[in-house]
Amino acid sequence: MNTDDDVKQFVTGVVSLQKDPSRAVVIAISHDAVFDLKEEQEPKAPAAASGVLNPGPGFPFVKAVQRVNEKLVEKNPNETLLFDVILLSSKDRPKSQSEVANSIKHYGLEITRLCFCNNENFTSVLRSNKVKLFLSTNTDYITKAQDTGVPAALLYGQRGTATLDQLRVLFIGDSLGFSEDTTDRPKDEDTGEDQLQSVQLTQSSLEDLVALIGEMRRKFGRENSPLCACLMTVCSPRNVCVRALKRLRAWGLEVDEAFCLAGAPQSRLLAHIQPHILYDHGLQYTLDVPALS
Amino acid sequence: MSLDSRQAVATHDGRADASVAANGDSKGSWGDTEDSYGHSGPVNKPKSPKPENAVTIAVSSRVLFRTETEQKVFEERGVEEYLKYQVEHENEPFAPGPAFPFVKALETVNSQLRELYPDSEELFDIVLVTYNHAHVGVRLINTINYHNLFIERFCMTGGSSPIGYLKAYHTNLYLSADAEKVREALAEGIAAATMFTPEKLIEVSDTQLRVAFDGDAVLFSDESERIFKTHGLDKFFEHEKEHENKLLDHGPLKGFLEALGKLQKKFYEKGHRLDCPIRTYLVTARSAASSGIRALKTLRAWGLETDEALFLAGAPKGPMLEKIRPHIYFDDQMFHVEGAAEMGTIAAHVPYGIAQKHPHKKDSSKSK
């Protein structure tokens, strides 16, 4: 694996179930989304133990992903298509390193490495780690990742209520459902060449990601699956939702749940759907989503 | 995301004109041209109202359409085969189900409301809420397109309970083929009823929405039913006379009658009292001379009214309903629902109250 000279990595010592790194679905997630950082704010609850951080909004996601891996390996001990979660941090302080390592161990998280990066090398860190999906609660970072062609999604945070038993992934379909004809696309002034280009760049990586999720999903039956894919269109008419369904299907994923809001307020519905992550290219349709609660 | 309401000039079949103003806030254009059934016509359809302003009617796929064949596949061969079957037949639209005429009638009322009040969001909003998996979604939307229904919102919950979604959509009425789901909804305070696919369906009006309600345990609570069931007819009469001036408690469908009443007033205000496209009926086994008075006084005290009140004093409801031809008739007793359905009336069961524990036997006395 190629790493830049000034990119530091911290190996956590957790042994991954991953047998074939080339098949891994690498998901990078900001470490401050997985854990509550004590240095920056008053702790919301007393620490679980000394030197251990409290769970953050991305914590249920990590647990749910782990369960998917466990179930995949249960079905096939030689399974190579597994999730591989890595943490990204902009903090390069020994204290923070050991806190993270302790916390990972304490909660039994299957995280193999923590990568340090800053604004400059952020995208090359994603590339060199072959990250297929980047997750954050920070919309700027999400946009940044998307702009360079890495699919990125918002961590949906309703602390304490997200399920740990099933990984729930929600795709916002309004942009997926537009036809190839660009006259169909949103007509606001921001939609310039750059936007279209970034959509196209991310599109093929998104297709790959969707195909992999679809492949994983197919290993489980309709019911009691540890992985659930959902589609939602926020303000488009029903046929756009159907086109999005068909597009995802063409890429290899049959979603389980579908919602067409046609302008109805999102937040109540999202609070009920409880996705762990929300994929919305350009974050155009998720402006009023509570990232943290 | 808030979307500004916009001018919608509706033609009488409910579709907006090309002169609809663009919505400045919307990220997506409503430009959805031809669907696969060649329904093109105007590029912009009227926008769906905000749930809190509208009267939201949630219907399940099994009552909106006829899905008996598919149901059979599900029951006999399991969920995977069922989904495969649905996908294979994706481009074959379903036939209309028992809730279809009701939904069509709601749309007729909507187009008239849009004509009279172009800026108002006080309309019916029909949402498809099904616990089908999204695989079936394509076929369902294809069917909606085929029948040219104006249903823009749907929830396919992939097997989980739809009840939470009903609340998120401020649902005013939920219609389903599944009595369990209907009971759950009622327990959550949402008006709901179970619909069945009838053998025959008599024709209903396509210009006027007609909704008929039983009284006890539908509009009103089941308190009087309880007296009747435990102590018999005479005690019931006595009780009602004594309590003539005491209001009955409200039943699960009271709110829906109220919502209909609000829309009716909008027509009255524009001079359409006599030819109002919404008409409501009370069809009760109470008798006009005695026990009916309490019912009427209660309605009046609530500020509600029905256009017609039919006191049958125990006579069978079937023939009366056959004359009324409602798009839907709500009753808490399966006996009445079945009786009505036998004569072709679209009847829905409200599984509420004491009648569910002591179902009516066909040969026992039924006069009240």
Side-chain angles (χ1 to χ4, degrees), chain A residues 166 174-175 177-179 181 183-188 190-191 221-225 228-246 248-249 253-274 282 284-289, chain B residues 1-3 22-36 44-45 47-52 54 56 78-80 82-83 87 90 125 127-128 131-142 144-145 150-160 163-165 167-170:
Chain A
Q166 184 185 64
D174 299 71
S175 46
F178 284 109
S179 69
D181 179 3
T183 58
D184 226 8
R185 291 191 181 277
K187 286 172 175 51
D188 54 24
D190 292 341
T191 310
R222 255 327 105 192
E223 278 150 16
N224 299 317
S225 165
C228 177
C230 310
L231 171 72
M232 178 192 281
T233 51
V234 170
C235 61
S236 305
R238 63 183 186 244
N239 289 325
V240 172
C241 195
V242 168
R243 282 210 289 263
L245 270 175
K246 287 183 168 170
L248 288 175
R249 182 196 280 175
L253 173 66
E254 285 274 14
V255 301
D256 299 278
E257 304 177 13
F259 306 91
C260 183
L261 266 58
Q266 293 174 5
S267 21
R268 290 188 82 176
L269 211 74
L270 280 176
H272 198 74
I273 297 171
Q274 288 284 320
Q284 293 178 59
Y285 302 100
T286 44
L287 300 174
D288 64 351
V289 171
Chain B
M1 285 191 66
S2 69
L3 301 171
N23 182 324
D25 240 6
S26 170
K27 287 289 183 179
S29 112
W30 276 87
D32 185 35
T33 52
E34 231 171 78
D35 59 39
S36 50
N44 291 306
K45 298 183 217 168
K47 194 168 57 88
S48 295
K50 287 199 198 60
E52 58 268 28
T56 304
V79 68
E80 303 286 343
Y82 164 76
L83 291 175
V87 173
E90 213 162 67
D125 183 27
V127 182
L128 178 69
Y131 49 101
N132 260 307
H133 285 81
H135 289 57
V136 188
V138 179
R139 189 175 184 190
L140 287 171
I141 305 306
N142 281 347
I144 288 174
N145 288 339
F150 187 71
I151 298 177
E152 289 300 332
R153 295 184 167 140
F154 54 83
C155 267
M156 291 164 198
T157 70
S160 351
I163 304 304
Y165 301 103
K167 287 160 93 169
Y169 272 113
H170 300 261

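Within every chain, numbering begins at 1; the chains are lettered A, B, ... in the order of the sequence lines, protein sequences first and strands thereafter. Not measured: the values here are computed from a predicted model.
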(message) Using a 4.5 angstrom heavy-atom cutoff, name the option from Leu83(B), Ile144(B), Leu128(B) with the most pairs to chain A.
(response) Ile144(B)
(message) What part of Tyr131(B) gets within 4.5 angstrom of chain A, counting heavy atoms only: side chain, backbone, both, or neither?
(response) neither
(request) Could you tell me which portion of Val127(B) (side chain, backbone, both or neither) has an atom closer than 4.5 angstrom to a non-hydrogen atom of chain A? (result) neither
(request) Measure across Tyr169(B) and Ala264(A) and return the closest heavy-atom pair with its distance rounded to 0.1 Å. (result) CE2-CB, 3.9 Å
(request) Write down the atom of Glu152(B), the atom of Cys260(A), and the distance for their closest heavy-atom approach. (result) O-SG, 3.1 Å
Point-to-point distance, once rounded to the nearest 0.5 Å, from [atom1] of [X] to [atom2] of [Y]:
X         : Y         : atom1 : atom2 : result
Leu245(A) : His135(B) : CG    : NE2   : 10.0 Å
Asn142(B) : Asn239(A) : CG    : CG    : 8.0 Å
His272(A) : Cys155(B) : NE2   : SG    : 8.5 Å
Leu269(A) : Lys167(B) : CG    : NZ    : 13.5 Å

(message) Taking the side chain as everything from C-beta on, heavy atoms only, tell me whether His170(B) gets closer than 4.5 Å to Arg268(A).
(response) yes
(message) Any heavy-atom pair between the side chains of Asn145(B) and Arg238(A) that's under 4.5 Å?
(response) yes
(request) Kindly say whether Glu80(B) contributes a backbone atom to a donor-acceptor pair with the side chain of Arg222(A) at under 3.5 angstrom? (result) no
(message) Please check this pair: side chain of Arg153(B) against backbone of Leu261(A), looking for a donor-acceptor N/O pair closer than 3.5 Å.
(response) yes
(request) Heavy-atom distances under 4.5 Å only: say whether Leu231(A) touches chain B with side chain, backbone, both or neither. (result) neither
(message) Report which part of Cys230(A) has an atom under 4.5 Å of a heavy atom belonging to chain B: side chain, backbone, both, or neither.
(response) neither
